[in-house]
Amino acid sequence: MSALHDPVLDWYAAHARDLPWREPSASPWSVLVSELMLQQTPVARVLPVHTQWLERWPTPAHLAAEPSGEAVRAWGRLGYPRRALRLHAAAAAIVERYDGEVPDSYDELLTLPGVGDYTAAAVASFAFGRRHVVLDTNVRRVLGRVLAGREFPPTSVTRAEREEATEVLPDDEATAATWAVAVMELGALVCTAASPRCEDCPVREQCAWRAAGYPAYDGPPRRGQAWQGTDRQCRGRLMAVLRDSDGPVHRSRLDVAWPDADQRERCLASLSQDGLIMRKGDTFRL
DNA sequence: GATCCGTGGCA
DNA sequence: TTGCCAAGGAT
């Protein structure tokens, strides 16, 4: 029994946010939808979209029955719209292979589009109470600081990280599931990336990073993501035009959205290749 | 393992 | 003002 468990679990019981996908009545589908939406996207932005999504498509079958373009439009401005496509494809796979029920095992979840190691472990843990190592950016940062004394975790998950996370995972299945979400919440609310609130941390007395005097990150420089003039910006502009239009959009309206013709054509081709847009003659639509 | 893939709030 | 970055996945 790690000395970290009780302080973190008690802290979570007192400070956890009330989120729709954490309600006792929340379905596994609600949890899966939330996890796809939360990939690289803040909770505050996900909340309203998740609510509307579940009202419109309360089960995987409801979503699978509609064209993927409807999912992309309902995704709104969450970003990375390919996730909407993957969620739609996941719903279809759940209907076809799992009789419309979100599977409850890590291995089965991992076969779904858009579900990788993190999401499979998270859904198995949060929705079904299974015991899994759930390694997201929050958990990695918390454990990296408390156990390894480093401000930020390595670029990619190392074997040492996974072993440490496995060692501190509670043995009891139900406790492990709560632990997983509790450590994640601690990272989201207290042990944050920019300005951690260490004075509010339940495990500050056991934190290796704190004990070492908060040494600054000394690893390889983390590359920022370029934006201005990139294909990502171009694709975003084009998608915004199509998303805000009901029917097909004539090419001329996309010309205005992105003046550089070569880049615009390249992005239209890649969006089409991704399945995010459909082309018919001189018009495009979701 | 390195890259690519959106968006908008914030220090 | 602008770089940073927020519950990753696919290739």
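In what follows, chains are A, B, ... by sequence order, proteins preceding strands, each numbered from 1.
Each of Arg86(A), Gln40(A), Gln39(A), Arg232(A) was compared with Tyr80(A) under the side-chain hydrogen bond (donor to acceptor under 3.5 Å, both in side chains) criterion, and only Arg232(A) meets it. Put simply, the residue from Glu265(A), Gln233(A), Arg235(A) that forms a side-chain contact (heavy atoms from CB on, under 4.5 Å) with Trp258(A) is Gln233(A). Looking at Asp107(A), Asp172(A), Asp104(A) one by one, the single match for salt bridge (charged side-chain N to carboxylate O under 4.0 Å, His left out) with Arg130(A) turns out to be Asp104(A).
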Checking Thr41(A) against Arg83(A) for the side-chain hydrogen bond (donor to acceptor under 3.5 Å, both in side chains) test, could you report, in this order, the C-alpha distance in whole Å, the side-chain angles of both residues, the deciding distance, and whether it holds?
CA-CA 11 Å; Thr41(A) 306; Arg83(A) 291 181 295 162; 3.0 Å; yes
CA sep, side-chain torsions, deciding dist, call: Asp117(A), Arg162(A), salt bridge (charged side-chain N to carboxylate O under 4.0 Å, His left out):
CA-CA 12 Å; Asp117(A) 170 69; Arg162(A) 189 166 290 280; 3.2 Å; yes
Test salt bridge (charged side-chain N to carboxylate O under 4.0 Å, His left out) on Arg22(A) and Glu185(A) and set out the steps.
CA-CA 12 Å; Arg22(A) 286 183 186 163; Glu185(A) 188 77 338; 2.7 Å; yes
Show, in sequence, the C-alpha distance, side-chain angles and deciding distance for Thr111(A) and Arg97(A), and conclude whether the side-chain hydrogen bond (donor to acceptor under 3.5 Å, both in side chains) test is met.
CA-CA 11 Å; Thr111(A) 69; Arg97(A) 307 208 307 263; 2.6 Å; yes
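Contact annotation for Gln233(A): no contact, since no heavy-atom pair falls under 4.0 Å across all strands. Within 4.0 Å of Gly79(A), counting heavy atoms only, lies at least one base atom of the nucleic acid. Counting non-hydrogen atoms under 4.0 angstrom, Thr137(A) reaches the backbone sugars and phosphates but no base. No engagement by Thr230(A) is indicated, since no non-hydrogen atom pair under 4.0 Å with the nucleic acid exists. Within the nucleic acid shown, Ala193(A) comes within 4.0 Å of sugar-phosphate atoms alone, with no base atom in reach, counting heavy atoms only. Contacts of Asp274(A) with the nucleic acid, taken as non-hydrogen atoms under 4.0 Å apart, are absent. Within 4.0 Å (heavy atoms only), Leu36(A) reaches no atom of the nucleic acid at all.
Between Glu35(A) and Arg86(A), the residue anchored closer to the 5' end of DNA chain C is Glu35(A), taking for each the nucleotide with the nearest heavy atom. With DNA chain B read from its 5' end, the first of the two nearest nucleotides for Gly76(A) and Thr155(A) is the one closest to Thr155(A). Of the residues near DNA chain B, Ala194(A) and Thr41(A), the one whose nearest nucleotide (by heavy atom distance) lies more toward the 5' end is Thr41(A).
Figure legend: Arg222(A) and Phe152(A) shown as a cation-pi pair, the cationic atom lying under 6.0 angstrom from the six-membered ring centre and within 45 degrees of its axis.
The span of DNA chain C lying next to chain A, judged by atoms under 4.0 Å from heavy atoms, is bounded 5' to 3' by dC5(C) to dA10(C).
Defined by atom type and a distance below 3.5 Å, a donor-acceptor pair is present between the side-chain atoms of Glu66(A) and Trp57(A).
Between Met37(A) atom CE and dG6(B) atom P the separation is 16 Å, expressed in whole Å. If you measure from atom CG of Leu47(A) to atom P of dG8(B), you get 16 Å, rounded to the nearest angstrom. Rounded to whole angstrom, the span from the CG atom of Leu276(A) across to the C1' atom of dT7(B) amounts to 15 Å. Atom pair Asp231(A):CG and dG6(B):P shows a separation of 10 Å (rounding to whole Å applied). Taking atom CH2 on Trp227(A) and atom P on dC5(B), their separation rounds to 10 Å, with Å as the unit. Put simply, OH on Tyr80(A) is 13 Å from P on dG8(B), counting in whole angstrom units. When rounded to the nearest whole Å, the span between CH2 of Trp75(A) and P of dC5(B) equals 18 Å. dC5(B) atom C1' lies 17 Å from atom CZ of Arg237(A), rounded to whole Å.
Nucleotides dC4(B) and dA7(C) place their P atoms 23 Å apart, quoted to the nearest Å. Rounded to whole Å, the C1' atom of dG1(B) lies 15 Å from the corresponding atom of dG8(C). When the C1' atom is used for both dT1(C) and dG8(B), the distance is 15 Å, rounded to whole Å.
For Asp99(A), the CG atom counts as loosely surrounded, since its 6.0 Å shell holds 12 or fewer non-hydrogen atoms of other residues, nucleotides or ligands. Within 6.0 Å of CZ on Arg159(A) lie no more than 12 heavy atoms contributed by other residues, nucleotides or ligands.
Near-neighbour residues of DNA chain C inside residues 13-27 of chain A, defined by a heavy atom below 4.0 Å, number-ordered: Arg17(A), Leu19(A), Trp21(A), Arg22(A).
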